[in-house]
Amino acid sequence: MYIGQRVKRKEDFRLITGNGRYIDDIQINNVLYLSILRSNVPHAKVKKVNYEDAMKLSGVVNVVTGLNLNVDNRPRNFPMGKDEVLYVGQPVAAVLSTDRYVGYDALDLITFDYEELTPVVDIEQAMTNKVKAVEGRDNLAYKRTYRGGEPESAYNKSEVKLEQEIEIGRVYPSAMEPRGLLVEYQGDRLTVYASTQSPHYMRSFLLNAFSDMVRDIRVIQADVGGAFGSKLFPYPEDYIAVYSSLVTRRSVKVVLPRREDILSTYHARDQKHRVRVGANRDGRVNAIIDDVFIDLGAAWHGTYLADIAATLITGPYDIRNALANVFGVLTNKVPLDQYRGAGRPEAAFVYERVMDILADELKMDPVELRKKNVIQSTPYVNPFGLKYDSGNYINLLNNAEKFYSQMEDRARKLREKGKRVGVGISFYVEQNNFGPWESASVRLLSNGKIEVIIGAAPHGQGTGTGIAQVVADELGVNLDDVDVIWGDTDKISNAFGTYGSRSLTLAGNAALLAARKLRENVLRLAASFMKSDVEELQYKEGKIVNPKSSREMTLKEIARRTTGDLGGIWKYKAEPLLEATASFGMDNFTFPYGSHIAMVEVDDTGKVTILEYVALDDIGVVVNPMLAEGQVFGGIIQGFGESHLEEVIYDESGNPLTVSLGDYAIPTAVESFNMKWIYSEEGKANSPLPAKGIGEGATIGAPPAIIRGIERATGKRRTKIPLRMEDLSPY
Amino acid sequence: MYPPKFGYVIPESMDEVLEFLEKEQDARPLAGGHSLIPMLKLRIIRPSYLVNIRGLKELHFVNDGKDTVSIGALVTHFELNTNDIINKNVPLLSEAASVVADPQVRNMGTIGGVVSNSDPAADYPASLIALDAIVRIRNRGGVRDVPFSSFQKDVFTTDLKQGELVQEIVIPKLPAYKYRYRKLERRAGDYAIVGVAVLIKMNGEEIEDVRIGLTSVGPKAIRAKEAEELLKGNKPSDELLDKAGEEAMKVSNPTADIRGSVEYKKKMVKVMTKRALKEALER
């Protein structure tokens, strides 16, 4: 059995030997380079773009301005600012040149005349609606209410009432590879190579925009140097590059320099919650009422992030009465979208802050308070109708408590020595498998090896290895004989991609089902070759055996026999079919849950060091504990970054101040720390392969545990992330 | 991040370099390039020529003199950190070199580059001002020596004139001094929020001499003279170090940025000065 083994990644040999093929590694002839002039003002009316001088520069082939397309949830001035620019970094003009250097020289020669408009820079200002972030639009772009039980009366009747404002800062997803794409012009067809999380989705949104200009667009996912959610939804550059290719009839490449990636890749989080909680004196929570504000920036495709946060606001706790009012506002900032965790970290930060603060108010142990409220049995339907599928929440919390108490003991000793040390615990539930479904094909190749094509589009997660383990087990073959490939709209017809911790569950189950179908086909072929009835044959460890005659055939022999002869006729009854495709969707999300415990030291400069860290998860069956652990460790470090270092900062005039990785601080190996991961497999998913997904869990569990640790270390209530050094120095 | 057009020259001799720099007004010498190239790519600077001096052996040396150590302008941060002569005679500078930016920068970046660039947040200036370092400048007429304290003029501004090049940094040996360079940064490789270099000479239980250099607390590195005076002739105590930190804070004049407010940065001068003093004394 390969499932459950710490198998090394099959993907790595190619990548670590320098054979990766990222967008900028792909060379095609006669390509034009796209350079983009971006707005340097947060909000203005565009009067005129002056590009005549740029056109005169040798090597400049064309300049594109004023491209506007009708795309869902995007303002009229998308993908380019035509009569209005909405944020610093928004494309205003694009140069097509035969050389990148010339392209940027040309940008120096382009100016645009504009009339500055007052920028809208934060949620409070946006809510007043006095100044509009997007001309002709209400700043309140989205409003929705979620209600379950009797929240107001339950709150009013509660013995203890708590009101708290909680803020989650704005972050930049900081993938190592900036965004980019290469559009290969082929007459009536384009092939787009992209750094994307979903080639199929990209094909569909590009065809939506350009179907009157091109017959088809094939999208191939190049190797992707990280995405974290930021390379899924459409970007202006995607449309500008494709449009430019179609109008110039040339191939076009664009790869953003880091500075432009920071200035334009969709930011994430940026929520503010005004939460009210009603509880009994014994700690039992009766009601939670939350006003959720999300700063959407200059488009409104990020509203779902507030919906996810709102509908999970009761967390892993049995709180029957809940109300969440979601307000999505427009501002003159980079549009907001998802980042690893996507709404669940925001929810967890709020409900876990609430638990800790309530524990402090009631002078209760924070774990005791959680135990009083934790969901007692599953399935459990939360007040907004989400059905938490499976698991033993109390058991996991009890296990977490052991680590917490031990860390508390050690922290106490350090505090006695005068150190500012604290321990924080978080408990969370996650909603995974944003579907709706995924596809996979499994093929027996003529050489007897197995090729699996998945519709998911992994980009660093190791899903290819995990699914190879699943298929190898199912077919009883050696793992080395299974290759998993993905990322090409020509290889599989309909698919979704990799996001929302879905790939192993949805693509993994699809591959599992396809492998079963393939096995049936192979049995039928074997029956023909061995002159047996299918019912007589058994499939055993990659062989088809007839127990009566003891005759057997390997997969390789069947593949050879089926494909070996060129010419002649097909004289067998069985269809010569060596591949099978399956799709898999679930009628519910999966709900993993877990707990993080962090021991934190804060020195007198406000610098945070993590001394000890343990994460516990129940994610159903763990196919590859090493890869799952890697996901957890990476997520914890990102959670640490988000808690202490990372924040996109705009000044009061709407100008971004964090425009390089020198300003925007992400943690390095030096800030990293030892982590321990413990998994249980109690709460299985309701699927043949009962895995629930681990891609994002750690980014949900980490911030509330770390912030609680900081709160205990510094003895001051903490209600926002990030907490910067300045916030934490006692001086 | 694509630079504008520039000329590129690889001279064969020092004379050729100096001649070229004198003749071409906007030419810039290129050593490690770890500040110059990013500025070029951001089109913040638009030099006419880059003059690659990396191959000039006469700028790449460490000389162990009688009372001084001379460090050629092309000595890299990595070399500063690992060179035996510097480790033995100027350990303060070795220590500072170990925390400059990240390994890539330390492998490529040079002390001459740091000194000529005069970034107010650079690490070395705190040590160089505490050490009373001399900058030896080369021009076609010969060399001239300028104390580091007057060499640095302002943010990204030095005493270098057209046609001049930093040849070496001359550092007096201070054998009996304890030392410490302390840098406060958000994460490894970041610019200093504040950097403090400390040199202390003890006489029995009393501080005989002390030098405190501060970087990233104003347009250029400064000495915390009042703090030094307060400490001299006294027996170190927690209270005294606190007061010294307080004095250092008073002379600092940082600007607010994403790394912190003026108030925070000033307080951190106090914290880090005390920390550096304490850790130097514990050596």
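To find a chain, count down the sequence lines: A is the first, B the second, and so on, and within it residues start at 1. Worth knowing before you read on, the calculation uses all heavy atoms, side chains too, and leaves out hydrogens, waters and symmetry mates.
- Taking CG from L184(B) and NZ from K607(A), the interatomic distance works out to 6.5 Å, rounded to the nearest 0.5 Å.
- Neither the backbone nor the side chain of L256(A) comes within contact range of chain B; no heavy atom of the residue lies under 4.5 Å from a heavy atom of that chain.
- A cation-pi arrangement, defined by a distance under 6.0 Å to the six-membered ring centre and an angle within 45 degrees of its axis, is absent between R43(B) and Y104(A).
- By the neighbour-count criterion of 12 heavy atoms within 6.0 Å, atom CE of M55(A) is densely surrounded, having more than that number from other residues, nucleotides or ligands.
- The aromatic rings of Y664(A) and Y172(A) stand perpendicular to each other, their planes meeting at an angle above 60°, with 30° marking the opposite boundary.
- Using a cut-off of 4.0 Å between Lys/Arg side-chain N and Asp/Glu carboxylate O, D604(A) and K274(B) are scored as not salt-bridged.
- For the set R258(A), E671(A), E647(A), the count of heavy-atom pairs under 4.5 angstrom toward chain B peaks at E671(A).
- When heavy atoms are compared at a cutoff of 4.5 Å, M1(B) approaches chain A by way of both its backbone and its side chain.
- Looking at L107(A), neither its backbone nor its side chain comes within 4.5 Å of chain B, counting heavy atoms on both sides.
- Top candidate by heavy-atom pairs under 4.5 Å with chain B, chosen from V670(A), D603(A), D105(A), is D105(A).
- Options D108(A), L661(A), L657(A) differ in how many heavy-atom pairs under 4.5 Å they form with chain B, and the most are formed by D108(A).
- Interface check for chain A: of the options R275(B), R186(B), K270(B), the most heavy-atom pairs under 4.5 Å are formed by R186(B).
- Interface residue T658(A): only side-chain heavy atoms are found under 4.5 Å from chain B.
- Ranked by heavy-atom pairs under 4.5 Å with chain A, the first of D102(B), L42(B), D257(B) is L42(B).
- The backbone N or O of S252(B) lies less than 3.5 Å from a partner atom in the side chain of K266(B), making a donor-acceptor pair.
- Residue T605(A) touches chain B through both its backbone and its side chain, counting heavy-atom pairs closer than 4.5 Å.
- In this structure, K267(B) pairs ionically with E263(B), as a charged nitrogen and a carboxylate oxygen lie closer than 4.0 Å.
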